[in-house]
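Everything on this sheet refers to the single structure shown next.
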Amino acid sequence: LRLALLQTLGSGQALDDQIDQRQRLQALLPRRGEIAILDDHGKRETPIAFGQTISTVFAVPSEVEQKQEVAKELSKLLQVDEKELAQKLERTESQFVPFAKRLPPVTVDAIKAHKWKGIHFQDAPGRVYPDGALLSQISGFVRTQEDGEMVGQYGIEELYNKELTGHSGWEHLLRDGTGRLIPLPG
């Protein structure tokens with residue numbers, strides 16, 4: 001009797017529960033706009049601030065194979081002490097051992113080319129000011145809030161914060177049989 005009731009009356013709720021487990025809405029933060037200045041003739045733009053992915057490289061030591069070889073090669077790429085990296089890789093009780101933050105894309109690509117097990121990246125949106133402090137009085141800077149949103153502070157970054165921020169969006173994802181998230185069209 002209970003089985004018959006579940007199959008007829010409870011099937012709608014069970015189906016809804018299954019769909020809820022497989023679907024997910026994920027917030028998408030907008031990429032902050034670029035700030036550029038024009039040359040004297042108004043023809044050539046020179047960026048003074050733009051968005052770029054900032055990467056942190058970290059290890060899950062229990063996943064790393066050939067720890068000494070990885071430490072040797074990674075130390076060359078990161079320009080850090082090989083012994084220090086080897087010691088960090090021996091911390092098998094840790095699930096997150098950071099090695100370097102704010103890596104340039106060239107270094108990230110070089111590390112990824114090795115395809116080492118247990119070496120991972122944590123990406124976050126960042127802001128690059130190619131001229132450093134030279135135009136900082138004009139461009140201003142951004143502060144990243146706890147929710148990941150960048151807020152302009154001083155200069156153009158603050159004055160045009162709303163325009164540079166853009167609009168958040170949503171991505172509709174579906175979990176497949178292996179647990180991977182797949183973006184749904186539309």
Side-chain angles (χ1 to χ4, degrees), residues 12-60 77-78 95-113 115 118-186:
Q13 180 61 41
L15 183 60
D16 288 347
D17 291 345
Q18 285 179 341
I19 290 171
D20 287 345
Q21 287 177 355
R22 294 191 63 211
Q23 290 189 23
R24 181 174 173 188
L25 274 178
Q26 181 172 322
L28 297 174
L29 290 175
R31 188 174 183 110
R32 194 165 177 86
E34 181 177 288
I35 300 173
I37 55 175
L38 294 172
D39 67 6
D40 291 344
H41 306 288
K43 295 183 180 184
R44 194 171 131 235
E45 286 187 3
T46 302
I48 61 171
F50 57 90
Q52 182 176 7
T53 300
I54 304 297
S55 299
T56 297
V57 63
F58 70 94
V60 177
L77 294 169
L78 297 176
Q95 291 296 309
F96 181 85
V97 179
F99 292 135
K101 296 178 180 180
R102 302 187 66 81
L103 291 173
V106 166
T107 305
V108 171
D109 292 341
I111 295 169
K112 284 182 178 178
K115 298 180 181 175
I119 304 298
H120 305 281
F121 295 88
Q122 187 175 48
D123 295 334
R127 199 79 170 142
V128 176
Y129 300 93
D131 294 317
L134 182 64
L135 295 172
S136 63
Q137 300 272 333
I138 296 168
S139 65
F141 63 92
V142 294
R143 177 179 46 84
T144 304
Q145 296 181 320
E146 287 182 22
D147 64 359
E149 184 179 343
M150 292 185 205
V151 178
Q153 304 286 298
Y154 305 104
I156 296 170
E157 293 278 15
E158 181 179 25
L159 184 63
Y160 292 101
N161 185 61
K162 185 176 180 182
E163 291 82 359
L164 290 168
T165 299
H167 301 284
S168 296
W170 294 93
E171 183 176 33
H172 197 175
L173 303 168
L174 181 67
R175 189 175 306 277
D176 71 5
T178 63
R180 291 179 300 182
L181 291 172
I182 302 167
L184 290 175

Residue pair V57, V108: steps toward the side chain to side chain contact (heavy atoms under 4.5 Å, CB included) verdict: CA-CA 8 Å; V57 63; V108 171; over 6 Å; no
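A search for ring-ring contact (aromatic ring centres under 6.0 Å, His included) contacts involving F50 returns nothing, not counting sequence neighbours. Under the ring-ring contact (aromatic ring centres under 6.0 Å, His included) criterion, F121 pairs with no residue at all, not counting sequence neighbours. Looking at residues two or more places apart in sequence or on another chain, you find a side chain to side chain contact (heavy atoms under 4.5 Å, CB included) between A110 and L77. Under the ring-ring contact (aromatic ring centres under 6.0 Å, His included) criterion, F99 pairs with no residue at all, not counting sequence neighbours. The side chain to side chain contact (heavy atoms under 4.5 Å, CB included) test applied to R44 returns D39, T46, not counting sequence neighbours. L159 pairs by the side chain to side chain contact (heavy atoms under 4.5 Å, CB included) definition with nothing, not counting sequence neighbours. For F141, the ring-ring contact (aromatic ring centres under 6.0 Å, His included) partners are Y154, not counting sequence neighbours. Annotation: side chain to side chain contact (heavy atoms under 4.5 Å, CB included) contacts of Q145 (sequence neighbours excluded): R143, D147, E149, V151.
Rounding to the nearest 0.5 angstrom, the gap separating the CG atom in N161 from the CE atom in M150 is 11.0 Å. Between atom NE2 of residue H167 and atom OG1 of residue T165 there is a gap of 9.5 Å, rounded to the nearest 0.5 Å. Note that CD1 of I138 is 6.5 Å distant from CD1 of I48, once rounded to the nearest 0.5 Å. Here T53 contributes atom OG1 and R31 contributes atom CZ; the two are 5.0 Å apart, rounded to the nearest 0.5 Å. Atom CD1 of I54 is separated from atom CZ of R102 by 4.5 Å, given to the nearest 0.5 angstrom.
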Could you give the side-chain donor-acceptor pairs of residues 123-131 under 3.5 Å, partners two or more places apart or in another chain?
unit_1	atom_1	unit_2	atom_2	d
D123	OD1	S55	OG	2.7
R127	NE	E157	OE2	2.9
R127	NH1	G33	O	2.8
R127	NH2	G33	O	2.8
R127	NH2	E157	OE1	3.4
R127	NH2	E157	OE2	3.2
Y129	OH	V142	N	3.3
Y129	OH	E157	OE2	2.9

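Side-chain atoms of Q122 and P98, non-hydrogen and from C-beta on, never get closer than 4.5 Å to each other.
S139 places a side-chain N or O within donor-acceptor distance of the main-chain N or O of L135, the cut-off being under 3.5 Å.
Within a 6.0 Å radius of NZ in K112, more than 12 heavy atoms belonging to other residues, nucleotides or ligands are found. More than 12 heavy atoms of other shown residues, nucleotides or ligands fall within 6.0 angstrom of atom CD in E163.
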